[in-house]
Amino acid sequence: MSEYDAARDEVDDLVDAWAHERGDLDLAPVEVFSRISRLSRHLDLARRDAFTAHAIESWEFDVLAALRRAGEPYELSPGRLLRETLVTSGTMTNRVDRLAARDFVERLPDPHDRRGVLVRLTTEGKAAVDGAFEALLAAEAELLADLPDRDRTRLAGLLRRLLAPFS
């Protein structure tokens, strides 16, 4: 038994039940993806709590975070925001409208394109995304608290390798 097998969890019970009923199948994927799925639910709850505590929605965080990551002056074209957040043009227009109504972003003329606009993060938007991100990082650190740093690094690498074909 390795250090990773020390404690049983609900997935072990699920796999045991399937093995009893379908011992002819390789259940290794269930052991991995059922755990990822369960962790995803916990992460979704942590995200919701972090964002709710800072009075923003998940979609608002996505847009504000894209602008914040862009660096000063925290602005992007709507097209770049589309690529960063993977939503449609109509959805992005609606989101920018709603964020502008909350004074989290402002639209400015694009100095390099007479017909274009830039979306810029406001001071209020920066405070909202920074607070939510700090709360999210604290919640995520708590989810990882039982893993030593070397295991976190290894897990991140394994997940990167698993996700690579989808990038």
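Note that the coordinates shown come from a computational prediction; the quantities given were computed from them, not determined experimentally. Just the heavy atoms: all of them, side chains too, but no hydrogens, waters or symmetry mates, feed the values below.
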Which distance, rounded to the nearest 0.5 Å, do you find between the CG of Leu27 and the OG of Ser34? 9.5 Å
So which atom in Leu76 and which in Ala66 form the shortest heavy-atom distance, rounded to 0.1 Å? CD1-O, 3.6 Å
All heavy atoms of Gly125 vs all of Leu64, minimum pair found to be O-CD1, 4.2 Å
Please tell me whether Phe133 and Leu67 are part of a single hydrophobic cluster in this structure, the criterion being side-chain heavy atoms less than 4.5 Å apart. yes
Side chain of Asn94, backbone of Thr91: donor and acceptor closer than 3.5 Å? no
Consider only side-chain heavy atoms of I, L, V, M, F, W and Y, link residues closer than 4.5 Å, and tell whether Val11 and Trp18 are in one cluster. yes
Between CZ on residue Phe61 and CZ on residue Phe104, distance to nearest 0.5 Å: 12.5 Å
Salt bridge present between Asp149 and Arg154 (N-O < 4.0 angstrom): no
Mind checking whether Arg95 and Trp59 have side chains closer than 4.5 Å, heavy atoms only? yes
Out of curiosity, does Tyr74 fall in the hydrophobic cluster containing Leu118 (side-chain heavy atoms, cut-off under 4.5 Å, transitive links)? no
Using 0.5 Å steps for rounding, measure from the CG atom of Leu155 to the CZ atom of Arg150. 12.5 Å
Is Leu144 reachable from Leu159 through a run of I, L, V, M, F, W or Y residues, each pair having side-chain heavy atoms under 4.5 Å apart? yes
Side-chain donor/acceptor of Ser40 to backbone N/O of Ile36, under 3.5 Å: no
Looking at Ala132 and Ile56, what are the two nearest heavy atoms and their distance? CB-CD1, 3.6 Å
Val117 side chain reached by Asp110 side chain, heavy atoms, under 4.5 Å: no
Between the side chain of Asp49 and the main-chain N/O of Thr52, is any donor-acceptor distance below 3.5 Å? no
Looking at Arg47 and Asp62, is there a salt bridge between them, counting it only when a charged N and a carboxylate O are closer than 4.0 Å? yes
State, to 0.1 Å, how close Arg152 and Ala145 come at their nearest heavy-atom pair, and which atoms those are. NH2-CA, 3.7 Å
Close side-chain approach of Leu82 to Ser77, heavy-atom, < 4.5 Å: no
So with a 6.0 Å cut-off around CG of Asp9, is the heavy-atom count from everything else above 12? yes
Could you tell me the separation between the CG atom of Leu45 and the NE2 atom of His42, rounded to the nearest 0.5 Å? 7.5 Å
Result for salt bridge (charged side-chain N to carboxylate O under 4.0 Å, His left out) between Glu75 and one of Arg69, Arg80, Arg68, Arg120 points to Arg120
Look at atom CD of Glu142 and say whether more than 12 heavy atoms of other residues, nucleotides or ligands are closer to it than 6.0 Å. no
Would you find a donor on one side and an acceptor on the other, under 3.5 Å apart, between the side chain of Arg35 and the backbone of Glu31? yes
Using the rule that two of Ile, Leu, Val, Met, Phe, Trp, Tyr join whenever any of their side-chain heavy atoms come within less than 4.5 Å, decide whether Val32 and Leu147 are in one cluster. yes
Heavy-atom check, side chain of Glu124 versus side chain of Arg102, under 4.5 Å: no
Can a donor-acceptor pair be found, under 3.5 Å and without considering hydrogens, that links the side chain of His54 to the backbone of Gly131? yes
Going by heavy atoms in the side chains, are Glu21 and Asp16 under 4.5 Å from each other? no
Test item: Leu99 and Val119 side chains (from C-beta on) under 4.5 Å apart, heavy atoms: no
Please report the interatomic distance OG1(Thr123) to CG(Asp103), rounded to the nearest 0.5 Å. 10.5 Å
Give a yes or no on whether the backbone of Glu57 and the side-chain of Glu60 come within a donor-acceptor separation of less than 3.5 Å. yes
Where do Val96 and Arg107 come nearest, in terms of heavy atoms and distance? CG1-NH2, 3.2 Å
Could you tell me whether the side chain of Ser37 and the main chain of Phe33 form a donor-acceptor pair under 3.5 Å? no
Leu121 versus Val129, closest heavy-atom pair with distance: CD2-CG1, 4.4 Å
Could you give the distance from CZ (Arg22) to CG (Leu25), rounded to the nearest 0.5 Å? 4.0 Å
